[in-house]
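Just so you know, these numbers come straight off a predicted model, no measurement behind them. Note: hydrogens, waters and symmetry copies are ignored here, and every other heavy atom, side chains too, is used.
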Amino acid sequence: MVAEQVRRGGVRKRRLAPFLGLTALLAGCAGAASVGAHLLRPNAYASVRSIETRSDFHDPALLAQAWALPVAAAYRRRPYEYQSNPSFCGPATVANLLRSLGVDFSQADVLRGTTFQPWFGVLVNGLTLEELADLLRRRLDRQVHVVRDLSLAAFREAMKRSNNPEKRLIVNFHRGPLFGRGAGHFSPILGYLADADLVFVGDVNGDYRPFLVSSERLWRAVATMDGTSGKPRGLLIIDTALSDRPGEAD
């Protein structure tokens, strides 16, 4: 009797396994569809000429100069981590920033124990600028400032600060004004070539890799609306020196 029950239980488990697998697959696809729904909207930037066509985008000589900048050099001391899926640009950005400060975190480590939990590997709707700031404050006991609505002149001044080893900058931008395609994205800013007015964006997407872009072009990509938060995109400026005063500037 016991053997018969075991056999029947085994049959039920074998029959149930494909059903559970299909359920998980459909749920995962649903989550991915939620994240990527905005990608199905008409491309408002289809007429934009991509910065990939510019000679300075991945120019070897300029990139060599950029990697020699003090903050970029700090990022280069450890292997650069690219996002594991399209929804993980935020965690990958935080992981790389922490590594530049000598804290060995992976993008999975960044989310562990937080309220920002992936669903079947996907961060549904990604993260907003404020949420990424909160995540950074949790992982790093430093001041994190949220900065929005900068004029072009003020944005250039902020880019100059990206060469200061006591600062780290993260940019939240829409890919459309840069590449003529894509959606909202996070990446660290690794430095600024002032003479050429080129920002060194440490893109965490392995298809793009770190690239150079004019401050004006990046500013336009930052001056877009985040559909999730209903607020303009912007920058995070992190003070690397220890401080007793947590702060945020909107």
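- Applying side-chain contact (heavy atoms from CB on, under 4.5 Å) to Arg139 and the options Asp109, Thr114, Val103, Leu97 leaves one that passes, Thr114.
- Contact check on Asp104 versus Arg99 returns no salt bridge, with no Lys/Arg side-chain nitrogen under 4.0 Å from an Asp/Glu carboxylate oxygen.
- Scanning all heavy atoms of the two residues, the minimum distance from Leu63 to Phe200 falls at CD2-CE1, 3.7 Å.
- Considering Phe179, Trp219, Tyr45 as possible partners of His174, the one that fulfils the ring pair (Phe, Tyr, Trp, His ring centres under 6.0 Å) test is Tyr45.
- In this structure, Val48 is not a member of the same hydrophobic cluster as Val213, with clusters built from ILVMFWY side-chain heavy atoms closer than 4.5 Å.
- Between Glu166 and Arg161 there is no salt bridge, since no side-chain N of the basic residue sits under 4.0 Å from a carboxylate O of the acidic one.
- Only one option out of Arg168, His145, Arg142 pairs with Asp239 in a side chain to side chain donor-acceptor pair (under 3.5 Å); it is His145.
- Side-chain heavy atoms closer than 4.5 Å link hydrophobic residues (I, L, V, M, F, W, Y) into clusters, and following such links, even through other members, never connects Leu132 to Met225.
- Shown here is Arg156, whose CZ atom has more than 12 heavy atoms of other residues, nucleotides or ligands within 6.0 Å.
- Looking only at distances, no side-chain donor or acceptor of Asp56 sits under 3.5 Å from a matching main-chain atom of Asp59.
- Side-chain contact check for Glu81 and Gln107: at least one donor-acceptor pair (N or O, by modelled atom type) lies under 3.5 Å.
- In summary, of the residues considered (Asn172, Thr93, Asp203), a side chain to side chain donor-acceptor pair (under 3.5 Å) with His185 occurs for Asp203 alone.
- Leu135 has its side chain within reach of Phe116: a pair of non-hydrogen atoms, C-beta onward, lies under 4.5 Å apart.
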